[in-house]
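Read the numbers this way: they start at 1 and go in the same order the structure lists the ligands and their atoms. Reckoned from all heavy atoms, side chains included, excluding hydrogens, waters and symmetry mates. Nothing here was measured: the structure is a model prediction, and the numbers come from that model.
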Amino acid sequence: MSNVADLVAPLRLAAVHRAYKTEAGELAVLTGADLVLSGGEIVALVAPSGTGKSTLLHLAGLLERPDAGEVYVEGRAAGSLTDNDRTAIRRTTIGFVYQFHHLLPEFTAEENVVLPQMAAGTSRKAASERARELLTSFGLGERFGHRPGKLSGGEQQRVAIARALANRPRILLADEPTGNLDTATAAKVFAELLGAVRGQGVAALVATHNPELAAMMDRKVTLRDGKLVAG
Ligand code: ADP
Ligand code: MG
């Protein structure tokens, strides 16, 4: 560890390994991935399909555990934490945006942004105010009461981004967040995502295939033979 600040960075991966068992044998996807995501830094993860971007983001988001190595969130080794503690960190410290919005279809846009806040102990009233403020900032001031099925793809993804930011996370992980949108909408939603992340000082790791979107971020990393290298 070269830098003391790295020890308490929002996110640090140290020699992370992950392999999957397949019919053809073991598939080693991550073979010692290292990364420091500093406070407020926005990093693009640009690598071809099938190289392990989603695997890496799921490990960083504490949705899975590495086979070896460690994920540190604000200096805490996540691997030695209980499932309850990992869930609490996911709720309060990490926001996650998927390629497909994964909103709850039977709830309104506002409710989708309110629910994770209430799960984290925020009052209904405060959660609702925060949800409306966020949705308004994403141009959805007229859409609070719409269910996801009544929203366009771009609007759905904006709600998903608002939801990920609702609990004021210090880390945002996004897995090809505009990959399902047409080019023009993707560029707009992506710029709004980065604007919100920068505005709130959130550190972000964003997987994308698109070099133009990647160029909007602070730096690029890529996956090579299961390791992260400067892109
Ligand atoms: P990317 O997001 O860069 O497309 P993934 O992390 O989804 O890559 O996948 C990396 C590799 O691991 C791919 O070859 C994929 O088929 C394989 N893989 C991903 N998840 C599983 C799993 N649960 N079981 C077996 N193989 C998997
Ligand atoms: Mg993927």
Starting from [atom], which protein heavy atom do you reach first, and at what distance in Å?
atom	result
atom 22 (C) of ligand 1	Tyr20 CD2, 3.5 Å
atom 6 (O) of ligand 1	Thr55 OG1, 2.6 Å
atom 8 (O) of ligand 1	Gly52 N, 3.1 Å
atom 11 (C) of ligand 1	Gly50 O, 3.5 Å
atom 7 (O) of ligand 1	Ser54 CB, 3.7 Å

Practice problem: Assess whether atom CZ of Arg76 is packed by more than 12 heavy atoms of other residues, nucleotides or ligands within 6.0 Å. | Solution: no
Quiz item: For atom CD of Glu106, is the number of surrounding heavy atoms from other residues, nucleotides or ligands below 6.0 Å larger than 12?
Solution: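 Buried by this count: over 12 neighbours within 6.0 Å.
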Quiz item: Can you name the nearest heavy-atom pair linking Arg198 to Asp218, along with the distance?
Solution: NH1-OD1, 3.0 Å
Practice problem: Looking only at non-hydrogen atoms, find the nearest pair between Arg124 and Glu111 and report the distance. | Solution: NH2-CG, 4.5 Å
Practice problem: Please indicate, with yes or no, if any protein heavy atom is found under 4.0 Å from atom 19 (C) of ligand 1? | Solution: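 It does: a protein heavy atom is found less than 4.0 Å away from atom 19 (C) of ligand 1.
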Exercise. Return yes when at least one protein heavy atom is under 4.0 Å from atom 3 (O) of ligand 1, and no when none is.
Key: yes
Quiz item: Is there a path from Val113 to Phe138 through hydrophobic residues (I, L, V, M, F, W, Y) whose side chains come within less than 4.5 Å of each other?
Solution: yes
Quiz item: Going hydrophobic residue to hydrophobic residue with side-chain gaps under 4.5 angstrom, can you get from Val73 over to Leu63?
Solution: yes
Quiz item: Does some side-chain heavy atom of Arg65 sit less than 4.5 Å from a side-chain heavy atom of Arg86?
Solution: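 Yes, their side chains come closer than 4.5 Å.
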Quiz item: Among the heavy atoms of Ala207, does any lie under 4.0 Å from an atom of ligand 1?
Solution: no
Quiz item: Would you say Ala47 contacts ligand 1, with heavy atoms under 4.0 Å as the rule?
Solution: no
Going by the atom numbers of ligand 1, which of them fall below 4.0 Å from some non-hydrogen atom of [X]?
X	value
Ser49	4 (O)
Leu27	12 (O), 14 (O), 17 (C)
Pro48	3 (O)
Val29	10 (C), 11 (C), 12 (O)
Lys53	1 (P), 2 (O), 3 (O), 4 (O), 6 (O), 8 (O)

Self-check item: salt_bridge(Lys188, Asp182) N-O dist < 4.0 Å
Solution: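 No, no charged N to carboxylate O under 4.0 Å.
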Quiz prompt | Carboxylate-amine/guanidinium proximity below 4.0 Å for Glu133 and Arg130 | solution =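 Arg130 and Glu133: salt-bridged.
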Quiz item: Taking atom CG of Leu30 and atom CG of Leu223, what is their separation to the nearest 0.5 Å?
Solution: 6.5 Å
Practice problem: Please determine if the Mg ion (ligand 2) has an N/O/S atom from Gln99 lying under 2.8 Å away. | Solution: no
